[in-house]
Amino acid sequence: MNSIANNIKLRLSLREPLKEALDIVAKLSDELILEKVPDNQEEALEFLRSELDKVKNNFITCTNFQRDFPSIAFSIATGVGKTRLMGACIAYLYLHKGIKNFFVLAPNLTIYDKLIEDFGNPAYHKYVFNGISEFVHNRPVIITGDNYNQQGNLFREGEIRINIFNISKFNSDNKGQKKGGIALAPKIKRLSEYLGQSYWEYLAGIQDLVILMDEAHRYHADASKNAINELKPILGLELTATPFDEKQKPFQNVVYEYSLAQALTDGTFVKNPAIATRKNFKRGDLSDKEIEIIKLEDAISIHQDTKTELEIYSKNNGVKLVKPFILVVCKDINHAREVFDLINSDEFYQGEYKGKVLQIDSSTKKEEEIEKQFLSLESPDNEIEIVIHVNMLKEGWDVTNLYTIVPLRAANAAILVEQTIGRGLRLPYDGKRTGVDKIDKLTVVAHENFEAVIAAAQDPNSVLNKMTFIEISEEDLKIKTEVVTSKPVAEKKLENEQIEVNKIESKENQQKAQNSLDAKKAIINALPDFNTLPEVRRVEDLNKEEVKRKVIRQIEKKLSEGQQNIFADDIVKEVEATYEKVVASYKENIIEIPRMDLVLGEVTATFNHFDLDTTNFNYQALEQEIIRMGLMDKSVETLKAKSSGSYGNPINMIISELIDYSDIDYDDNADLLYKLATQAYNNIEENIDKKENISQAIFQFKSAIADKIYLQMKANFTLSSLEYVAPKVYPFTKIEQWNFSVLVNAGYKDYRDVVTPTLMVPKYVFRGFEKACHFEYKFDSKTEQDLAFVLENDNKVIKWLRPASNQFRIYWDNNSKRYEPDFIVETEDTIYMVEPKSSANILDADVIAKKDAALKYCKYATEFTSQNNGKPWKYLLVPHNEISRTINFDLLINFFS
């Protein structure tokens with residue numbers, strides 16, 4: 001590698017992963033043209049294809065730049081030094097290639113402020129250019145989102161210019177500022193009197209602009225991509241620890257990875273994460289608040305142990321004293337305030353942490369004193385030992401003295417392992433491990449998730465073990481998809497009619513045709529809004545004179561809103577003239593699906609009074625300990641746990657456990673619950689060795705106590721059955737559109753085509769339907785495609801529909817899931833809800849539950865339609881092996897209705 005790159009590595013003391021990443025930048029900067037992409041579209045495509053081939057020849061993981069310019073990504077674990085790598089890249093591209101213009105992009109204000117300090121303050125201990133002698137006398141000019149107006153006219157030949165911007169400065173409207181009623185563009189995109197153009201236009205015109213994207217995963221949404229593409233840089237360098245876009249799809253332009261798994265395996269640049277729980281801890285029926293108190297108490301015990309070890313290490317080795325702190329992650333601002341009040345109270349460890357806890361969230365962050373304390377958390381003079389936050393301390397928060405994390409917000413094991421620990425991985429002593437276990441360890445207190453987190457960390461797919469983020473399948477590289485929308489037939493016909501109107505050459509004739517079409521559109525859009533009128537019980541009722549007048553009045557109102565249509569009067573006349581014809585067409589192209597919210601009622605239980613049998617209600621308080629296990633080295637240690645003593649009323653503790661059972665309602669059973677809890681408490685108090693430990697004993701065993709009480713309560717109650725609540729039914733609803741993906745160029749098939757292998761059926765969009773309520777559908781299986789074939793070609797079938805996922809509101813499984821029927825079929829005398837199902841699963845519990853829900857829908861629908869001259873509804877659950885293209889629909893009706 002060339003001497004310039006080697007000198008930069010030495011001067012900046014780059015760590016090994018950063019050295020390897022810089023070597024890649026050096027190599028590719030010699031092979032790539034490093035010029036702006038041509039404006040001509042064909043030339044641009046050829047240019048990007050050629051540049052991509054150069055990268056792919058060296059790094060097969062890069063299959064697509066994913067931008068309108070050459071852009072490569074580096075996946076580097078949190079704490080290894082991505083910001084220092086950016087500084088090294090800027091230094092190299094300037095010293096070796098003479099590039100003088102750089103644009104550094106930050107995703108939020110925290111990182112934005114940090115980057116300005118990192119790149120612009122030589123006195124700052126993390127200044128990225130320390131050691132680059134060429135920058136001592138020619139220090140880079142830092143242009144920010146706040147000072148570019150002042151800097152814009154002061155450019156000198158030969159200076160290095162580093163623009164640092166928060167993406168919100170140009171990727172959004174200017175916070176609603178308006179002039180003359182028109183929203184202003186972001187300031188950076190407005191005319192500058194100094195430049196004679198906007199600063200944004202100036203940047204886009206620079207011939208050697210290189211963009212560096214910190215936390216690059218934040219700029220893969222379409223809006224961010226489009227904004228960045230406007231800058232037309234010659235090269236993009238993307239850095240992130242999580243190379244996945246907002247849809248969790250992996251980056252396609254990664255050229256280098258040093259993952260968290262690799263960093264942990266190397267055991268050099270990040271802390272060793274450990275998960276802690278209390279020995280003999282059982283989640284049982286503990287309330288969230290009780291678990292929170294236990295976790296906070298154990299976090300304090302671990303924190304004190306770590307604090308002691310750091311002080312000893314400082315004194316023994318003559319190095320700086322590192323003051324550790326605890327991070328508590330809360331659900332929301334109200335929750336954070338509750339936790340803050342608890343820790344800051346006299347009841348929590350006798351007030352030991354009063355004045356040592358900081359709440360940092362959107363409600364407090366702008367307070368000057370809180371901001372000052374937050375920014376100086378690493379200072380030994382800062383007294384804060386516990387930080388409480390709500391989702392604010394993500395990327396860019398690079399403190400090195402976070403040693404204990406307490407997640408109180410809901411999170412599964414994978415999130416705990418893969419995201420939470422990232423906030424505390426940085427090491428305080430020159431970014432390297434000391435060899436002292438407790439100083440090199442980050443502890444996450446996760447009692448209720450301990451087993452799951454250990455399992456997740458040891459899972460081969462965990463970020464802790466997975467050695468690469470790059471998982472692009474060969475099939476994905478070959479096949480591209482796009483999103484298509486399949487609109488209902490009535491709407492699609494209007495779209496096709498619009499195409500024909502656009503072809504009319506005579507302006508006068510075209511306008512007449514457009515007015516007629518606009519009238520049809522207005523009617524079609526308005527009709528579903530009138531299905532709640534008492535006088536509308538079926539589609540034909542829309543032709544009633546009073547209903548017609550209401551529809552026309554609504555259309556007139558909408559035409560007069562906003563920017564008034566100058567042809568509104570002509571359109572209304574067309575509405576009046578064509579109304580009945582459009583309603584008839586509307587009816588012809590829909591199936592009248594009664595609209596209802598079908599939900600299950602609540603289960604109720606009635607308990608009788610009785611006296612508690614207190615046999616075996618003898619409990620003694622247990623000794624409290626914490627067990628801590630390292631995720632990587634599997635080392636286990638035990639620490640004493642000191643209780644804060646804040647258990648609360650013991651009888652209330654028992655009652656709180658009991659009302660957590662879903663069938664116990666406090667309001668209905670308050671007297672009985674208090675009676676039974678008191679009887680249990682009296683018996684335990686009578687038999688306990690140390691009376692002062694009664695509250696601790698009940699706290700520790702309240703789940704078991706409640707369980708014994710509940711078992712006796714169950715012998716004294718009656719339970720109601722779960723039934724569907726009779727719904728309010730409306731006569732019809734609009735046919736919802738479908739949205740699905742399709743293979744580009746080869747994604748469509750005629751529904752009559754035989755697809756082989758059959759597993760390819762779900763990949764295609766099928767066309768050619770004449771009876772369906774949409775022109776295009778996808779099918780989950782060959783069975784569904786075959787049934788569609790039967791429905792299209794059976795004389796008994798008038799219309800059929802494959803409902804979109806939001807067409808019905810039928811709930812099952814305690815209202816936690818929504819049933820989505822596969823087919824709706826209309827014949828001369830009946831409407832059928834048809835569900836093809838694998839014969840092996842036909843008796844599965846979930847299939848039966850959905851069948852029950854569907855039968856209820858058909859019952860209520862039929863009750864409604866029978867009163868309003870409509871068709872009855874029936875349900876067919878059909879085994880897949882009974883469906884073939886040669887059967888007729890009557891056979892399915894006779895066998896499975």
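We're numbering straight along the sequence, starting at 1. Quantities reported herein were computed from a predicted structural model and do not represent experimental measurements.
- With hydrogens and angles ignored, the 3.5 Å screen pairs a side-chain donor or acceptor of Asp332 with a backbone N or O of Asn334.
- The line from NZ of Lys331 to CG of Leu408 is 8.0 Å long, rounded to the nearest 0.5 Å.
- The shortest non-hydrogen separation linking Asn687 to Gln620 is O-NE2, 3.2 Å.
- A salt bridge links Asp305 to Lys438: at least one charged side-chain nitrogen sits closer than 4.0 Å to a carboxylate oxygen.
- Using bins of under 30°, 30° to 60° and over 60° for the plane-to-plane angle, the ring pair Tyr258/Phe269 lands in the perpendicular bin.
- Going from atom CD1 of Ile405 over to atom CG of Leu442 covers 4.5 Å, rounded to the nearest 0.5 Å.
- The ring of Phe119 has its center closer than 6.0 angstrom to the ring center of Phe129.
- Contact check for Lys82 versus Glu215: side-chain heavy atoms found under the 4.5 Å cut-off.
- When side chains are defined from C-beta on, Phe325 does not count as touching Ile384, because their heavy atoms never get closer than 4.5 Å.
- Between Gly131 and Arg11, the shortest heavy-atom contact is O-CD, 3.0 Å.
- The two residues Ile439 and Tyr403 have their closest heavy-atom pair at O-OH, 2.8 Å.
- Contact of the Ile664 side chain with the Tyr710 side chain is registered, since non-hydrogen atoms from C-beta on lie closer than 4.5 Å.
- Salt bridge present: Glu290 and Lys702 bring a charged side-chain N and a carboxylate O closer than 4.0 Å.
- Minimum heavy-atom separation, Ala621 to Ala697: N-CB, 3.8 Å.
- Contacts of Thr83 classified as side chain to side chain donor-acceptor pair (under 3.5 Å), with partners at least two apart in sequence or in another chain: Lys114.
- Rounding to the nearest 0.5 Å places CG of Asn344 at 10.5 Å from CG of Leu358.
- For OH of Tyr124, the number of neighbouring non-hydrogen atoms (other residues, nucleotides, ligands) closer than 6.0 Å is greater than 12.
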Checklist line | Derivation of the side chain to side chain contact (heavy atoms under 4.5 Å, CB included) call for Met86 and Val104 | finding: CA-CA 9 Å; Met86 286 196 287; Val104 180; 4.3 Å; yes
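- Interatomic distance, CG of Leu105 versus CZ of Phe165, reported as 10.0 Å (0.5 Å rounding).
- Residues His220 and Glu238 are in side-chain contact: their nearest non-hydrogen atoms beyond the backbone lie under 4.5 Å apart.
- When atom types are taken as modelled, the side chain of Asn401 and the backbone of Lys323 share a donor-acceptor pair closer than 3.5 angstrom.
- Within 6.0 Å of the CG atom in Asp346, the count of heavy atoms belonging to other residues, nucleotides or ligands exceeds 12.
- Heavy atoms only, all atoms of each residue included: Leu239 and Leu237 are closest at CD1-O, 3.8 Å.
- When every heavy atom of Asn166 is checked against every heavy atom of Tyr112, the shortest pair comes out as N-CD1, 3.4 Å.
- Interatomic distance, NZ of Lys708 versus OG of Ser703, reported as 11.5 Å (0.5 Å rounding).
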